[in-house]
Amino acid sequence: QVQLVESGGGLVQPGGSLRLSCAASGSIFNIYAMGWYRHAPGQQRELVATITTGGSTNYADSVKGRFTISNDNNKNTVYLQMNSLKPGDTAVYYCNADVVTTSLRNLKLWGQGTLVTVSS
């Protein structure tokens, strides 16, 4: 079974930092891209950042200059470094990966979600 496991969420004061991690495991043949979404209560799910295995990145305008996405292809892991956090960043953050399994199935995977709360 292929899965994504997230970690790194928590409570942080405004202006603080957190780093989220998401590791893919299982019978993976290839990963096209990984990324992060977030979902706050009463709002639609928002794409935060994406990165391809080649290192091409994309960010939501709301996080540009504050968040940095990176990957470690050898570990099938993606990170989200979040700096200068604001209360508006409070949400459940979900890792996403577009993968091909060893049985050549194309799958879009989701992590279990990790809660980030920015509050004083």
Side-chain angles (χ1 to χ4, degrees):
Q1 186 83 329
V2 181
Q3 63 178 6
L4 302 177
V5 179
E6 304 178 29
S7 63
L11 175 64
V12 64
Q13 293 182 327
S17 298
L18 285 173
R19 190 172 86 147
L20 307 182
S21 299
C22 176
S25 63
S27 302
I28 298 173
F29 177 74
N30 189 39
I31 300 178
Y32 293 123
M34 301 184 76
W36 293 93
Y37 289 75
R38 65 186 182 186
H39 193 183
Q43 301 182 10
Q44 290 187 262
R45 185 178 61 190
E46 175 188 22
L47 177 62
V48 177
T50 61
I51 187 168
T52 68
T53 54
S56 179
T57 60
N58 195 21
Y59 296 91
D61 289 340
S62 59
V63 306
K64 286 181 179 178
R66 300 188 298 120
F67 292 9
T68 302
I69 189 170
S70 61
N71 59 9
D72 184 337
N73 292 330
N74 292 327
K75 298 180 179 179
N76 289 335
T77 299
V78 65
Y79 307 94
L80 186 67
Q81 179 66 46
M82 304 184 294
N83 299 325
S84 301
L85 283 162
K86 305 174 181 179
D89 296 318
T90 297
V92 178
Y93 285 70
Y94 296 93
C95 178
N96 164 260
D98 294 321
V99 309
V100 180
T101 69
T102 54
S103 60
L104 301 183
R105 296 169 59 205
N106 294 299
L107 297 177
K108 185 179 291 292
L109 305 177
W110 293 93
Q112 80 280 11
T114 185
L115 176 62
V116 173
T117 302
V118 184
S119 176
S120 59

- prompt: Is there side-chain contact between I69 and Y59, with heavy atoms separated by less than 4.5 Å?
  reply: yes
task: Could you check Q81 against S17 for side chain to side chain contact (heavy atoms under 4.5 Å, CB included), going step by step and ending with a plain yes or no?
output: CA-CA 7 Å; Q81 179 66 46; S17 298; 4.0 Å; yes
- request: Would you mind telling me which of V99, D98, V100 makes a side chain to side chain contact (heavy atoms under 4.5 Å, CB included) with N106?
  value: V100
message: Side chains of T77 and D72 only: does a donor on one sit below 3.5 Å from an acceptor on the other?
response: no
- prompt: Does any non-hydrogen side-chain atom of K108 lie less than 4.5 Å from one of W110?
  reply: yes
- prompt: Considering only heavy atoms from C-beta outward, does the side chain of L18 approach that of V116 to under 4.5 Å?
  reply: yes
field: Heavy-atom side-chain proximity of V5 to Q3 below 4.5 angstrom
entry: yes
query: Just wondering, do V2 and L109 contact through their side chains at under 4.5 Å, heavy atoms?
result: yes
message: In the structure I gave you, are the side-chain heavy atoms of N76 and N73 within less than 4.5 Å of one another anywhere?
response: no
task: Go through the steps for V78 and S70 under the test side chain to side chain contact (heavy atoms under 4.5 Å, CB included), then give the verdict.
output: CA-CA 6 Å; V78 65; S70 61; over 6 Å; no
- prompt: L20, Y79: one ILVMFWY side-chain cluster at the under-4.5 Å cut-off?
  reply: no
- request: Indicate if V92 and L11 have the same hydrophobic cluster label, given that clusters are the connected sets of ILVMFWY residues with side-chain heavy-atom separations under 4.5 angstrom.
  value: no
- prompt: Run the side-chain hydrogen bond (donor to acceptor under 3.5 Å, both in side chains) check on R38 and Y93 step by step: do they pass?
  reply: CA-CA 4 Å; R38 65 186 182 186; Y93 285 70; 2.9 Å; yes
message: Check for me whether the distance between the ring centres of W36 and F67 falls short of 6.0 Å.
response: no
task: Please report the C-alpha distance between C22 and M34 in whole Å, then the side-chain angles of each, then the deciding distance to 0.1 Å, and finally whether the side chain to side chain contact (heavy atoms under 4.5 Å, CB included) criterion is met.
output: CA-CA 9 Å; C22 176; M34 301 184 76; 4.2 Å; yes
query: Roughly how far, to the nearest 0.5 Å, is the OG atom of S25 from the CD atom of Q1?
result: 9.5 Å
- prompt: Mind checking whether Y94 and E6 have side chains closer than 4.5 Å, heavy atoms only?
  reply: yes
message: Any heavy-atom pair between the side chains of I51 and S56 that's under 4.5 Å?
response: no
message: Check this for me, if you would: do D89 and K86 make a salt bridge, where the nitrogen-to-carboxylate-oxygen distance has to be below 4.0 angstrom?
response: no
- prompt: So, T101 and S103: side-chain donor and acceptor under 3.5 Å apart, yes or no?
  reply: yes
